[in-house]
Amino acid sequence: MSKRFVKKEEVERELQEIFQLIQQVDEKMEKVIAEVLEERYEQNKIQLDQLQEQLTNVERQLHRADVEREPGLPLSSKLYFV
């Protein structure tokens with residue numbers, strides 16, 4: 001009976017160690033996941049900023065092209081002065 005009791009205590013101790021190891025792994029995984037999410041967020045933010053800058057540049061180019069093509073008076077307005 002005492003051998004059985006010792007084995008039970010040994011098994012409980014080992015199970016407790018396993019449980020602690022699982023908790024440590026879980027904590028580390030939470031940290032890794034949080035770091036990956038933060039890194040991905042930063043990458044997406046940088047990419048979004050770059051895309052917004054590109055869009056702003058395209059809008060400026062379109063605006064400049066419109067200004068350069070726009071005559072002083074539209075053709076229909078010139079006809080009224082004839």
Side-chain angles (χ1 to χ4, degrees):
M1 183 88 142
S2 67
K3 279 188 174 185
R4 196 174 210 191
F5 188 69
V6 170
K7 286 184 180 181
K8 182 181 175 187
E9 286 179 350
E10 175 92 14
V11 168
E12 287 176 349
R13 184 184 57 77
E14 289 176 1
L15 286 173
Q16 184 63 29
E17 288 175 7
I18 291 170
F19 180 73
Q20 289 173 351
L21 289 172
I22 290 172
Q23 283 181 325
Q24 290 174 2
V25 167
D26 187 51
E27 290 171 6
K28 287 181 181 181
M29 287 300 295
E30 285 180 15
K31 288 179 184 177
V32 167
I33 290 170
E35 289 173 2
V36 167
L37 288 174
E38 182 68 28
E39 181 179 329
R40 187 69 179 154
Y41 171 79
E42 289 298 323
Q43 290 173 352
N44 286 345
K45 189 173 185 298
I46 290 169
Q47 186 178 16
L48 180 61
D49 290 342
Q50 290 171 345
L51 290 172
Q52 286 176 333
E53 185 176 333
Q54 288 176 356
L55 179 61
T56 301
N57 289 337
V58 168
E59 288 173 341
R60 284 185 194 140
Q61 288 174 357
L62 288 173
H63 180 70
R64 275 189 239 129
D66 283 344
V67 169
E68 289 173 0
R69 279 189 298 171
E70 188 176 295
L73 292 172
L75 182 60
S76 60
S77 297
K78 289 181 181 179
L79 291 176
Y80 288 114
F81 292 117
V82 176

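Hydrogens, waters and symmetry mates play no part in the numbers below; they use all other heavy atoms, side chains included. In this text the structure is predicted, and so the values were computed from the model without any measurement.
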Item to check | Full working for side chain to side chain contact (heavy atoms under 4.5 Å, CB included) between Val67 and His63 | outcome: CA-CA 6 Å; Val67 169; His63 180 70; 3.8 Å; yes
Donor-acceptor pairs under 3.5 angstrom involving side-chain atoms of residues 12-27: please list them, not counting sequence neighbours.
unit_1, atom_1, unit_2, atom_2, d
Arg13, NH1, Glu17, OE2, 2.7
Arg13, NH2, Glu10, OE2, 2.9

Next on the checklist: With a sphere of 6.0 Å drawn around CD of Gln47, does it hold more than 12 non-hydrogen atoms of other residues, nucleotides or ligands?
Outcome noted: no
Checklist outcome for this item: The single option from Thr56, Val58, Leu51 that satisfies side-chain contact (heavy atoms from CB on, under 4.5 Å) with Gln54 is Leu51
Next on the checklist: So if I apply the side-chain contact (heavy atoms from CB on, under 4.5 Å) rule between Tyr41 and each of Lys45, Gln43, Glu39, which one comes out positive?
Outcome noted: Lys45
